Student: 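The structure's right below; bear with me while I get my questions together.
Computed from a predicted structure; not experimentally measured.
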Amino acid sequence: MAKPLQVPPHGWDKHSIKAELHRQGMTLAKLAELAEMTPNSFSHVWTRPVRKAETAIADFLGVQPKTLWPDRYPIRTSRILSSKYEGLHASQKGRGQPDKVAA
C-alpha cells in the first residue's frame, strides 16, 4: 500500500512537486505524454496557469490542484472592463440617445 502523501513543511513549490513526481517514478515528460500534451507546454506550469497540466500533476499525486497552487485557485475572472452582464446600454454602438452630459 502506498504511503499517504505528506505536505512539505514549507508548502508545495516547484522543487517539492518535481521531487514527489520522481519519487513515484514519474517525470514531467511522461506525464505530459499521458495527458496528451507536449512536454514544452507542460513545463509552463511553473510560471503561468496551465489548467490541464495542473490537473494532470495533481491527479497523479492524488491531491487537488488548489493544494499545489493555492495562489491560482479559486479561478478568478477579471471584471474591470467586462460588459458581459451589462445590457445593450454598455455598448458604444447602442441605439440609445447619446449622453451629452460630460462626466
Side-chain angles (χ1 to χ4, degrees):
M1 191 161 119
K3 285 179 23 179
L5 191 64
Q6 294 184 357
V7 177
H10 300 293
W12 291 99
D13 64 354
K14 173 183 178 177
H15 303 292
S16 59
I17 293 170
K18 287 179 74 172
E20 185 59 31
L21 288 172
H22 287 280
R23 189 183 74 74
Q24 295 188 25
M26 182 59 69
T27 64
L28 286 177
K30 283 189 223 174
L31 201 53
E33 186 179 321
L34 292 172
E36 298 178 352
M37 295 178 69
T38 64
N40 188 38
S41 65
F42 220 77
S43 67
H44 293 299
V45 75
W46 310 122
T47 56
R48 60 178 174 246
V50 182
R51 302 295 179 208
K52 189 173 179 182
E54 292 170 7
T55 302
I57 292 170
D59 286 347
F60 181 80
L61 295 177
V63 296
Q64 295 290 321
K66 66 182 176 183
T67 304
L68 301 176
W69 294 277
D71 57 325
R72 298 182 187 177
Y73 291 88
I75 299 171
R76 294 179 182 95
T77 57
S78 175
R79 290 187 175 181
I80 294 172
L81 300 174
S82 175
S83 62
K84 179 177 178 181
Y85 300 105
E86 301 289 328
L88 184 61
H89 302 2
S91 172
Q92 293 180 0
K93 297 180 181 179
R95 290 191 164 81
Q97 292 292 333
D99 185 10
K100 295 185 180 184
V101 178

Student: Does the side chain of Trp46 come within less than 4.5 Å of Asp13's, by heavy atoms?
Tutor: no

Student: Is Glu54 close to Phe42 at the side-chain level, that is, under 4.5 Å between some pair of heavy atoms?
Tutor: no

Student: Once rounded to the nearest 0.5 Å, what's the spacing between atom CE of Met37 and atom NE2 of His44?
Tutor: 9.0 Å

Student: Do Val63 and Leu68 have side-chain heavy atoms sitting under 4.5 Å apart?
Tutor: yes

Student: Can you tell me how far CH2 of Trp12 sits from CG of Leu61, rounded to the nearest 0.5 angstrom?
Tutor: 6.0 Å

Student: Does the side chain of Gln64 pick up a donor-acceptor pair with the side chain of Tyr73 at under 3.5 Å?
Tutor: no

Student: Side chain to side chain contact (heavy atoms under 4.5 Å, CB included) between Val45 and Ile17: does it pass, once the steps are laid out?
Tutor: CA-CA 11 Å; Val45 75; Ile17 293 170; over 6 Å; no

Student: Is it the case that over 12 heavy atoms from other parts of the model lie below 6.0 angstrom from the NZ atom of Lys52?
Tutor: yes

Student: Would Glu33 and Lys30 pass as an ion pair if we require N to O under 4.0 Å?
Tutor: no

Student: Looking at Ala35 and Ala56, what are the two nearest heavy atoms and their distance?
Tutor: CB-CB, 4.0 Å

Student: Is there a side-chain contact between Arg51 and Arg72, using heavy atoms and a 4.5 Å cut-off?
Tutor: yes

Student: Trp69 vs Ile57, test: side chain to side chain contact (heavy atoms under 4.5 Å, CB included). Steps then yes/no.
Tutor: CA-CA 11 Å; Trp69 294 277; Ile57 292 170; 4.1 Å; yes

